[in-house]
Amino acid sequence: MINITFPDGNVRQYEAGVTGLDIAKSISHGLAKKVLSAKVNGEVWDATRPITEDATVQLLTWDDKDGKATFWHSSAHLMAEALEAIYPGVKFGTGPSTDGGFYYDVDPGEHTISSDDFPKIEQKMLELARQKNEYIRKPISIDEAISFYQEKGDEYKLELLEKRKEEGAEITLYEQGDFTDLCRGPHVPDTGYIKAIKITKVAGAYWQGDENRQQMTRVYGITFPKQKELTEYEKMIEEAKQRDHRKLGSELELFMFSDRVGQGLPMWLPKGNQLRDRLMNFLRVEQEKRGYQLVTTPHIGKKDLYVTSGHWEKYGEDSFHPIKTPKEGEEFLLKPMNCPHHCEIFGHRPHSYRDLPLRIAEFGTVYRYEQSGELHGLSRVRGFTQDDAHIFCTQDQLKDEFLNVLDLTKTVLSKMGFEDFTAQISLRDPNKPEKYIGSDENWNNAERAIIEATAEAGMKTTTELGEAAFYGPKLDFMVKDALGRSWQLGTIQVDYNLPDRFELEYIGSDNQAHRPVMIHRAPFGSMERFISILIEHTGGKFPLWLAPEQYTILPISDRFNDYAAEIEQELAKYDIRGTVDDRSEKVGRKIRDAEVKKVPFMLIVGEKEAETGAVSVRKQGDGDVGSMSVAEFAKYFQEHLD
RNA sequence: GCCAGCAUAGCUCAGUUGGCCAGAGCAGCUGAUUUGUAAUCAGCGGGUCGGGGGUUCGAAUCCCUCUGCUGGCUCCA
């Protein structure tokens with residue numbers, strides 16, 4: 001008998017060789033049906049793999065991240081089986097699960113796989129799934145595996161095996177139906193668990209992620225244990241499509257692109273620009289409260305500036321090429337970032353430690369050469385405005401400055417209606433100290449400052465080792481939107497590099513020169529990217545204070561246009577902005593148009609209202625809320641202003 | 001940049017295996033209508049079918065190329 005310890009600490013005894021599935025059966029029949037895999041001593045195993053020694057065991061279901069991963073990984077194998085049946089001779093790269101399904105990289109040989117083929121693949125997968133073929137785990141020697149793939153003629157798998165051979169790793173094959181795959185597992189017990197299947201997209205992907213190597217065809221899919229879950233997934237996708245910021249951006253006339261101006265160069269239309277301005281003003285006020293000083297710097301700078309900063313060497317390829325003065329041939333770069341300019345500002349006169357921390361902020365527009373395939377609506381563009389600031393401070397001030405920035409960022413995000421966010425802390429890779437510049441002492445100090453500050457600010461955090469920049473540790477804000485999607489927004493980065501390169505100094509209380517630390521931070525990240533996320537988060541129904549039009553007055557007929565104009569003037573006194581829809585249309589029509597434009601309040605005025613000096617209020621999405629005086633509406637409005 | 005796909009009126013889309021002057025709805029304009037909580041009616045205008053080149057008696061339709069867009073990959077200071 002062996003002892004099995006459960007996550008809640010309970011210990012039960014089983015025969016040696018018991019499987020996760022057996023254990024589930026011993027608990028309840030319902031659980032047994034749901035178990036996909038089992039975490040045995042921290043490692044995810046097949047639910048059907050025998051456990052021979054004492055172990056801690058956690059049974060994994062669809063509700064566990066690892067359970068889903070098992071399910072989707074098994075689905076990748078199922079898809080591979082289907083692909084092999086449909087496209088004979090197809091070769092396989094790797095086929096893992098992802099956060100939202102799975103993919104398989106394949107070399108289809110002379111075939112091409114396009115979205116037209118998806119129904120065919122889905123059908124085949126369903127057919128194979130219904131056969132309830134077991135996933136059979138087969139540990140074999142590496143040489144056996146190599147000869148298996150030599151016979152099959154799959155050079156990709158052979159390459160993977162060669163690598164494993166060097167590492168001396170153990171090899172397992174998994175077999176289901178007529179398909180065998182090199183895989184360390186684990187898998188669900190049989191293909192019958194997979195009930196609902198959707199092939200979602202097909203795309204190119206480089207073999208081993210190396211752009212110099214063979215381009216594979218990556219087929220993406222998602223599967224579910226129940227049809228209903230697939231239906232819900234499709235609904236969510238549909239909702240995301242409706243909220244797509246590119247679609248809403250043009251429907252609500254917020255921004256546009258023009259081929260003639262150039263790709264990735266957004267132009268803000270009046271309504272979008274108002275939104276952008278309001279966001280910037282809001283941040284200006286919050287920054288002022290926290291001791292920031294605004295500066296403005298030019299859009300270009302001498303190439304030498306970026307040679308000094310090191311950006312030319314590191315990112316020259318990703319910048320627009322230098323522009324030259326016509327006569328002297330002096331080289332200038334469109335600025336790809338604001339920090340070198342800000343370093344110059346700091347260095348333009350001597351500083352005392354009493355000046356620190358010095359917080360220099362700028363809504364700085366920068367230009368970066370992004371590869372054409374990278375561009376995407378407002379979220380990835382070639383010209384954008386950062387809500388940038390650089391804080392120059394002493395080592396001792398780091399933690400307080402972090403707290404200051406955390407407070408600012410939290411204020412900003414909650415004001416925007418983002419309630420769910422985490423701080424992702426990126427630290428050094430302890431095994432690769434050569435990757436980083438700056439002293440150990442400084443790094444330790446900075447990392448400690450970040451960890452302590454986030455703890456003190458009561459933030460949810462995750463920590464990533466090896467994700468730090470070469471010049472310092474950083475913290476990124478990960479935000480969940482209304483559809484549960486995760487985005488990286490603001491960022492805070494400690495920098496030991498630039499102060500060195502620009503030889504920045506301050507005179508300490510000891511009358512000696514010292515090097516300040518620099519913090520880069522941007523709560524929004526960039527206005528463009530932030531607004532794209534805000535649009536999708538709100539579905540275009542912006543918080544009242546941001547709405548380009550807060551109300552629109554809908555006169556019942558032309559006869560009340562004058563009254564409507566009076567109301568408009570009246571409301572302006574309350575700082576409430578809006579328009580009058582004086583077209584000779586029926587109210588039904590005016591309401592519909594206002595609803596589509598997502599105007600928060602519709603004020604309907606006709607005979608009754610004109611007589612009593614009232615407005616009939618309708619709330620976007622909610623409908624009629626009744627009649628009230630203008631003063632009452634102003635009050636009602638204030639209550640809805642966050 | 002790479003792979004795959006797409007590009008027809010301001011927008012959303014039809015356009016059969018290449019074959020008469022390229023269509024619809026919405027939007028726009030003009031007129032009528034004066035309207036009570038999600039689309040009033042009628043008429044009119046609008047497209048070198050993304051640009052260029054080619055194949056063909058004939059191209060929106062087939063081929064090449066450029067531009068842009070979409071989905072991924074790689075990248076992201």
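Every heavy atom of this structure was used, including side-chain atoms; hydrogens, water molecules and symmetry mates were not. Throughout, a chain's letter reflects where its sequence line sits, starting with A, and its residues are numbered from 1.
Atom P of nucleotide B:G28 and atom CD of A:Glu253 are separated by 11 Å, given to the nearest angstrom. Between the P atom of B:A27 and the NZ atom of A:Lys597 lies a distance of 14 Å, rounded to the nearest Å. One can place CE of A:Met602 at 18 Å from C1' of B:U35, the figure rounded to the nearest angstrom. Rounded to an integer number of Å, the gap from CD1 of A:Ile113 to C1' of B:A4 is 11 Å. In this structure, A:Asp582 places its CG atom 13 Å from C1' of B:U34, rounding to the nearest Å. Between A:Glu251 atom CD and B:A27 atom P there is a gap of 14 Å when expressed in whole angstrom units. Distance A:Asp107 CG to B:A4 P: 12 Å, rounded to the nearest Å. As rounded to whole Å, 16 Å separates atom C1' of B:G10 from atom CG of A:Leu252.
Sequence neighbours left out, the pairs with a member in residues 606-617 of chain A that pass side-chain hydrogen bond (donor to acceptor under 3.5 Å, both in side chains) are A:Arg559-A:Glu607.
Among the protein residues, A:Thr217 comes within range of no part of the nucleic acid, since none of its heavy atoms lies under 4.0 Å from any strand. Within 4.0 Å (heavy atoms only), A:Lys314 reaches no atom of the nucleic acid at all. Here A:Asp624 lies in heavy-atom contact (under 4.0 Å) with a base. As judged by a 4.0 angstrom heavy-atom cut-off over every strand, A:Ala205 is placed among residues touching the sugar-phosphate backbone only. Residue contacts shown for A:Lys590 are absent, as no nucleic acid heavy atom lies under 4.0 Å away. Residue-level contact check: A:Arg246 touches the backbone only, with heavy atoms under 4.0 Å from sugar-phosphate atoms and none from bases.
Annotation: B:U33 and B:C69 have their C1' atoms spaced 43 Å apart (nearest Å). Spacing of C1' atoms, B:U16 relative to B:U55, comes out at 23 Å, to the nearest Å. When the C1' atom is compared between B:C73 and B:U61, the two are found 32 Å apart, to the nearest whole Å. When the P atom is used for both B:A14 and B:G25, the distance is 16 Å, rounded to whole Å. When the C1' atom is used for both B:G52 and B:A60, the distance is 16 Å, rounded to whole Å. For the P atoms, the distance linking B:C21 with B:G36 amounts to 49 Å, nearest Å. Straight-line distance between the P atoms of B:U8 and B:C49: roughly 11 Å, to the nearest whole Å.
Of the charged side-chain nitrogens involved, at least one lies within less than 4.0 Å of a carboxylate oxygen, so that A:Asp244 and A:Arg246 count as a salt-bridged pair. The pair A:Asp593-A:Arg583 meets the salt-bridge criterion, with a side-chain N (NZ, NE, NH1 or NH2) lying under 4.0 Å from an Asp/Glu carboxylate O. The pair A:Glu447-A:Arg428 meets the salt-bridge criterion, since a charged nitrogen lies less than 4.0 angstrom from a carboxylate oxygen. Using a cutoff of 4.0 Å between basic side-chain nitrogens and carboxylate oxygens, A:Glu401 and A:Arg521 are not scored as salt-bridged. With salt bridges taken as basic N to acidic carboxylate O contacts below 4.0 Å, one links A:Arg380 and A:Glu374.
Close to B:C2, at under 4.0 Å from its OP1 or OP2, lies no side-chain N or O of A:Gln215. Contact annotation: A:Tyr103 does not reach the phosphate of B:G71 (side-chain N/O to OP1 or OP2, under 4.0 Å). For B:G72, the OP1/OP2 oxygens have no side-chain nitrogen or oxygen of A:His376 closer than 4.0 Å. Checking the phosphate oxygens (OP1, OP2) of B:U35, a side-chain nitrogen or oxygen of A:Arg559 falls inside 4.0 Å.
In this structure, B:A27 makes no Watson-Crick or G-U wobble pair, since no nucleotide meets both defining distances under 3.5 angstrom. Pair assignment for B:A7 gives B:U67, based on Watson-Crick or G-U wobble hydrogen-bonding distances that are each under 3.5 Å. Pair assignment for B:G1: B:C73, on the basis of Watson-Crick or G-U wobble contacts that are both within less than 3.5 Å. B:U40: Watson-Crick or G-U partner is B:A32, with both key distances under 3.5 Å.
By the side chain to side chain donor-acceptor pair (under 3.5 Å) test, A:Glu467 is found to be paired with no residue, residues two or more places apart in sequence or in another chain being considered. Among residues two or more places apart in sequence or in another chain, the ring pair (Phe, Tyr, Trp, His ring centres under 6.0 Å) test is passed with A:Phe102 by none. The salt bridge (charged side-chain N to carboxylate O under 4.0 Å, His left out) test applied to A:Arg485 returns A:Asp481, A:Glu536, not counting sequence neighbours. When the ring pair (Phe, Tyr, Trp, His ring centres under 6.0 Å) test is applied to A:His342, the partners found at least two apart in sequence or on another chain are A:His390. A:Arg515 meets the side chain to side chain donor-acceptor pair (under 3.5 Å) test with A:Asp500; sequence neighbours excluded. Under the side chain to side chain donor-acceptor pair (under 3.5 Å) criterion, A:Asp622 pairs with A:Lys619, sequence neighbours left out. Under the ring pair (Phe, Tyr, Trp, His ring centres under 6.0 Å) criterion, A:Tyr104 pairs with A:Phe92, sequence neighbours left out.
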Considering only nitrogen or oxygen atoms on both sides, find all protein atoms under 3.5 Å from nucleotides 38-40 of chain B and state each distance.
residue	atom	partner	partner atom	Å
B:A38	N7	A:Arg618	NH2	3.3
B:A38	N6	A:Glu595	OE1	3.1
B:A39	N7	A:Arg592	NE	3.4
B:A39	N7	A:Arg592	NH1	3.2
B:A39	N6	A:Arg592	NH2	2.7
B:A39	N1	A:Arg592	NH2	3.2
B:U40	OP1	A:Arg589	NH1	3.2

Pull out every protein N or O sitting under 3.5 Å from an N or O of nucleotides 75-77 of chain B, one pair per line with the distance.
residue	atom	partner	partner atom	Å
B:C75	O2	A:Arg380	NH2	2.7
B:C75	N3	A:Arg380	NH1	3.2
B:C75	N3	A:Arg380	NH2	3.4
B:C76	O2	A:Arg380	NH1	3.3
B:C76	O2	A:Arg380	NH2	3.3
B:A77	O4'	A:Tyr315	OH	3.1
B:A77	N6	A:Asp318	O	3.3

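Here OH of A:Tyr306 is found 8.5 Å from OG of A:Ser319. Values are rounded to the nearest 0.5 Å.
Comparing B:G71, B:G72, B:G36 by their closest approach to the side chain of A:Glu607 singles out B:G36. Of the candidates B:G68, B:G36, B:G71, B:G36 carries the atom nearest the A:Glu609 side chain, counting heavy atoms from C-beta on. Residue A:Tyr220 has its side chain nearest to B:C73 when only B:U37, B:G71, B:C73 are considered.
Near RNA chain B, defined here as any heavy-atom distance below 4.0 Å, there are no residues from residues 87-101 of chain A.
Under 3.5 Å, the side chain of A:Asp259 and the base of B:U67 form no donor-acceptor pair of N or O atoms.
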Pairs of donor and acceptor atoms involving the side chains of residues 255-262 of chain A, under 3.5 Å and at least two apart or interchain, shall be tabulated with distances.
residue	atom	partner	partner atom	Å
A:Ser258	OG	A:Arg260	N	3.1
A:Ser258	OG	A:Val261	N	3.1

